[in-house]
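Each chain gets a letter, A, B and so on, in the order the sequences are listed, and its residues count up from 1. All values derive from a computational prediction rather than experimental measurement.
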Amino acid sequence: MSFFKSVYEAVKLIPKGRVATYGDIARYVGSPRAARVVGYALHVNPEPNAIPCHRVVNREGRLAPSFAFGGMEVQKALLEAENVEVSDDGYVDLAKYGFKFA
DNA sequence: TATTTGACGATTT
DNA sequence: CAAATCGCCAAAT
């Protein structure tokens with residue numbers, strides 16, 4: 001079980017209508033400081049079909065400022081499609097939609 | 001085998 | 001209050 005594999009599993013565990021932060025995922029897989037590795041793992045995204053990266057946000061509750069997998073418009077559409085309120089900048093309310101891993 | 005990089009996070013200036 | 005820097009971890013080259 002590679003670190004990346006665990007990350008993918010964790011992302012798949014995010015329920016619809018919820019978003020998780022890189023830090024939470026890193027913590028879930030066992031390396032609380034490996035948030036960057038989580039981001040890198042999603043960057044590779046070997047299974048875009050099963051890995052809803054739009055559902056993964058940074059600690060601010062927003063997608064990566066340096067990169068948008070296809071445009072924040074797409075992200076906004078995907079998240080809103082799951083009943084998640086998204087600000088015009090792509091911000092989500094972590095207090096309401098922030099998913100907490102077991 | 002070693003070095004560099006990278007969807008982050010927290011702290012300091 | 002906002003921007004820049006340092007620190008961590010694992011993978012890729």
Original post:
Can you name the nearest heavy-atom pair linking A/Pro46 to A/Ile51, along with the distance?
Top reply: CD-CD1, 4.0 Å
**OP:** Find the runs of at least 3 consecutive base pairs, i with j, i+1 with j-1 and so on, that include DNA chain B, using Watson-Crick or G-U wobble geometry with both distances under 3.5 Å.
**Re:** B:2-6 with C:9-13, B:8-13 with C:2-7
Original post:
Does the A/Ser31 side chain pair with the main chain of A/Ala34, one donor and one acceptor, at a distance under 3.5 Å?
Top reply: no
Subject >> salt bridge (Lys or Arg N to Asp or Glu O under 4.0 Å) involving A/Glu80 - partner list, sequence neighbours excluded >> reply: A/Lys76
Original post:
When you measure from every atom of DNA chain C, which of residues 28-49 of chain A have a heavy atom less than 4.0 Å away?
Top reply: A/Ser31, A/Arg33, A/Ala34, A/Arg36, A/Val37, A/Tyr40
Original post:
When you measure from every atom of DNA chain B, which of residues 95-102 of chain A have a heavy atom less than 4.0 Å away?
Top reply: none
Original post:
Taking CZ from A/Arg59 and P from B/dC8, how many angstroms apart are they, rounded to a whole number?
Top reply: 12 Å
Original post:
To the nearest 0.5 Å, how far apart are SG in A/Cys53 and CG in A/Leu42?
Top reply: 6.5 Å
Original post:
Quick one: side chain to side chain contact (heavy atoms under 4.5 Å, CB included) partners of A/Arg36, sequence neighbours excluded?
Top reply: none
Subject >> Stretch residues 1-23 of chain A: residues that reach within less than 4.0 Å of DNA chain B through a heavy atom >> reply: A/Tyr22, A/Gly23
Can I get a per-line list of side-chain donor-acceptor pairs under 3.5 Å for residues 4-19 of chain A, giving both atom names and the distance, sequence neighbours left out?
| from | atom 1 | to | atom 2 | distance (Å) |
| --- | --- | --- | --- | --- |
| A/Ser6 | OG | A/Ser2 | O | 3.3 |
| A/Tyr8 | OH | A/Ala41 | O | 3.1 |

Subject >> Flag side-chain contact, heavy atom, 4.5 Å: A/Leu63 against A/Gln75 >> reply: yes
Original post:
Quick one: side chain to side chain donor-acceptor pair (under 3.5 Å) partners of A/Tyr28, sequence neighbours excluded?
Top reply: none
Original post:
Which residue pairs pass the side-chain hydrogen bond (donor to acceptor under 3.5 Å, both in side chains) test when at least one of the two sits in residues 47-63 of chain A, sequence neighbours left out?
Top reply: A/Arg55-A/Glu82, A/Glu60-A/Tyr91, A/Arg62-A/Tyr91
Subject >> Boundaries of the DNA chain C segment in contact with chain A, non-hydrogen, under 4.0 Å >> reply: C/dG7 to C/dA12
Subject >> ILVMFWY cluster, A/Phe101 and A/Val37 together (side-chain gap under 4.5 Å) >> reply: yes
**OP:** Would you confirm whether the ring centroid of A/Tyr97 sits within less than 6.0 angstrom of the ring centroid of A/Phe99?
**Re:** no
**OP:** Kindly give the heavy-atom pair with the smallest separation between A/Ala35 and A/Tyr22, and that separation in Å.
**Re:** O-CB, 4.0 Å
Original post:
Going hydrophobic residue to hydrophobic residue with side-chain gaps under 4.5 angstrom, can you get from A/Val57 over to A/Val74?
Top reply: no
Look for any protein N or O under 3.5 Å of an N or O in nucleotides 2-4 of chain B and output each such pair with its distance, or none.
none

Original post:
Contacts to DNA chain C from residues 77-88 of chain A, heavy-atom cutoff under 4.0 Å, which residues?
Top reply: none
